[in-house]
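To start, the structure itself, in structure tokens.
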2 protein chains.
Amino acid sequence: MEFGWNNRADGPPDAKLSRGARAANLPGRPLEQTQSHRAGPTYLSGDLVTLDAGAEVIAERSSGRHIWLIRSGILRLQRFSFDGRRQILALALPGEIIGYETPWRSGLSVETATRAKLCRIDRRDFEDRLDADAVLRREFAAQQQDHIERLRWLTCSIGSLRPEERLSAFLALATCCMPYQPLPDGTAVLTMLISRADMADLLATTMETISRVTHALEEDGVVTIVDPAHFRIVDLKKLAALGRISDSFEDMATRLKQPRDRCFLRAWSCGSCVSRSAC
Amino acid sequence: MEFGWNNRADGPPDAKLSRGARAANLPGRPLEQTQSHRAGPTYLSGDLVTLDAGAEVIAERSSGRHIWLIRSGILRLQRFSFDGRRQILALALPGEIIGYETPWRSGLSVETATRAKLCRIDRRDFEDRLDADAVLRREFAAQQQDHIERLRWLTCSIGSLRPEERLSAFLALATCCMPYQPLPDGTAVLTMLISRADMADLLATTMETISRVTHALEEDGVVTIVDPAHFRIVDLKKLAALGRISDSFEDMATRLKQPRDRCFLRAWSCGSCVSRSAC
DNA sequence: CGGCATGTTGAAGAGACTCAATAAGTGTGG
DNA sequence: CCACACTTATTGAGTCTCTTCAACATGCCG
């Protein structure tokens with residue numbers, strides 16, 4: 001079974017499709033709303049929660065009593081610096097666990113970057129389960145490892161690549177974890193699920209630079225901008241080369257595409273989740 | 001027992017003391033030498049190895065069969081980008097395990113940043129031991145967590161701080177893991193064990209900028225440059241504030257100062273190591 | 001239609017890099 | 001002990017990328 005948005009019954013709704021994307025029958029991107037849908041103590045353990053984009057999932061100073069399994073959507077792990085600037089440290093994808101970071105002090109917070117469905121899990125529960133189940137343990141260790149490697153990629157990119165190179169790499173990798181619909185001519189259309197601001201804060205640059213660089217890539221004929229949320233990837237190989245990840249692209253792609261969710265989703269498909277087909 | 005260089009019998013030799021430092025009776029910094037002392041398959045498992053600064057410990061494409069316990073000295077985990085530029089992703093300190101990164105492909109390598117004593121351990125051995133010993137397992141997990149947090153700090157610093165701020169934070173943190181000798185007047189002298197080039201490549205800037213910023217900090221009266229390898233820290237609080245880590249300094253300091261080595265050093269004090277007092 | 005959020009474009013300025021020259025310190029040889 | 005080679009660190013000048021700030025465009029929704 002392949003892991004991909006195109007095969008999902010609960011893919012993003014078509015509500016915010018631009019004219020161009022609607023005509024081409026492409027998936028739309030959910031609307032970002034700053035609706036602070038706080039995760040209060042009202043949800044039962046294992047309960048399914050649906051949040052709009054921009055909702056706070058874990059506050060900077062949180063008890064850390066709960067962790068979250070992502071069923072759909074994308075979350076961002078971020079930190080605000082003294083002057084209000086934001087650095088996104090990681091995007092978390094469906095099937096991944098987020099919030100297990102030890103004592104939740106270091107000024108990190110987690111928000112939804114898109115509309116998302118989450119499963120809240122009690123930390124104690126989670127640890128007990130992991131202790132008892134070697135398969136889960138192994139899966140979780142693999143996730144942690146993936147997390148570290150992505151963070152290392154990010155650090156190296158920010159440290160020694162130019163914004164254009166970082167963005168190229170990001171777009172190339174995004175084809176592995178965002179809707180990516182092939183076209184008859186061999187190219188394919190990527191649906192960018194996160195906002196320009198999120199891209200900028202992940203890649204440690206500004207919205208303006210992202211915009212400029214995107215258009216520069218279009219000039220170079222590597223991508224075409226269908227509309228702000230849809231890029232036609234003309235030359236994925238070249239994109240990876242520009243992003244300096246030609247060598248590691250296969251590896252990174254495999255990990256991003258992995259059906260990470262299987263065992264966790266099975267493990268926590270009980271409770272209120274089991275009653276919904278979306279799970 | 002406190003973790004500190006000043007208490008160590010095997011601290012850095014005084015051979016390379018500058019005039020100023022020698023007069024003040026400060027510890028010296030070992031000489032950087034590009035002597036590529038490859039770790040061949042001749043060492044026995046658990047064997048103690050002494051390497052000069054600049055020696056390759058793990059090559060970019062390594063089998064990953066061995067991991068290393070650092071007994072003294074500092075190692076650097078690094079990656080070279082396409083144009084030969086280097087990004088240091090982490091410094092590894094005494095008591096820490098390095099080289100456990102899964103399949104050793106992603107272009108990472110490990111070298112000594114100072115003269116170092118290492119203990120080579122067979123990966124299988126290590127894993128078996130970890131499986132059997134909950135204390136070791138916990139210690140190792142804590143190390144991994146520390147590693148992630150430091151990497152996150154680095155990412156945020158590079159992403160949203162200026163070189164001067166990054167360096168300030170680094171100097172403040174260095175007081176926790178490099179020789180730091182208090183003076184009667186309340187200030188203290190930090191011995192910088194790594195080279196300007198390493199500082200630059202860790203903080204994602206250039207040697208020139210490091211030099212300029214260092215002198216700017218001296219202008220501001222936060223530090224005094226005794227000689228290239230010795231800084232008198234006049235105002236540690238202000239340094240941390242400049243580095244934007246006032247809030248988290250205590251936390252980070254505690255973790256850097258932790259006697260990380262105890263259980264690992266005990267666990268692998270057998271074999272050839274036990275016969276040397278340096279262990 | 002107007003309000004609002006998001007995204008794009010332009011112009012100016014600053015910060016950091018590059019390149020090059022110089023200084024300081026170390027080790028070697030005679 | 002000193003001259004020499006060599007590494008490491010510092011300083012200077014010029015350049016350029018990227019940010020900043022501002023205006024403008026676009027799309028969505030009431």
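Residue numbers start from 1 in every chain, and the chains themselves are labelled A, B, ... in the order their sequence lines are given, proteins ahead of strands.
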**Item:** Charged N-O contact under 4.0 Å between A:Asp201 and A:Arg196
**Value:**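 Salt bridge between A:Asp201 and A:Arg196, a charged N being under 4.0 Å from a carboxylate O: no.
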**Asked** Does a salt bridge link B:Asp185 with B:Arg232, judged by any charged N lying under 4.0 Å from a carboxylate O?
**Response**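 Answer for the salt bridge query: yes.
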What is the distance from [atom1] of [X] to [atom2] of [N], rounded to the nearest Å?
X: B:Glu164; N: C:dC17; atom1: CD; atom2: P; result: 13 Å
X: A:Asp198; N: C:dA5; atom1: CG; atom2: C1'; result: 14 Å
X: A:His230; N: D:dG27; atom1: NE2; atom2: P; result: 14 Å
X: A:Glu165; N: D:dT17; atom1: CD; atom2: P; result: 12 Å
X: B:Ile225; N: D:dT10; atom1: CD1; atom2: P; result: 6 Å
X: B:Asp83; N: C:dT18; atom1: CG; atom2: C1'; result: 13 Å
X: B:Glu208; N: D:dG14; atom1: CD; atom2: P; result: 17 Å
X: A:Glu218; N: C:dT9; atom1: CD; atom2: C1'; result: 14 Å

Closest to the [X] side chain, choosing from [options]:
X: A:Arg212; options: C:dG7, D:dT19, D:dT10; answer: D:dT19
X: B:Thr205; options: C:dC17, D:dT19, D:dA9; answer: C:dC17
X: B:Arg162; options: D:dA9, C:dG15, C:dT9; answer: C:dG15
X: A:Thr206; options: D:dT20, C:dC17, D:dT10; answer: D:dT20
X: A:His215; options: C:dA16, C:dT9, C:dG7; answer: C:dT9

**Prompt:** Quick one: does B:Arg152's side chain get under 4.5 Å of A:Leu108's, heavy atoms only?
**Reply:**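 Touching, per the 4.5 Å side-chain cut-off.
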**Asked** Do B:Tyr180 and B:Leu236 have side-chain heavy atoms sitting under 4.5 Å apart?
**Response**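 Result yes, sub-4.5 Å side-chain heavy-atom pair found.
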**Request:** Kindly say whether A:Gly54 contributes a backbone atom to a donor-acceptor pair with the side chain of A:Thr112 at under 3.5 angstrom?
**Result:** yes
Does [X] have a side-chain nitrogen or oxygen under 4.0 Å from the phosphate oxygens OP1 or OP2 of [N]?
X: A:Thr209; N: D:dT19; result: yes
X: B:Arg196; N: D:dT10; result: yes
X: A:Arg85; N: D:dT19; result: no

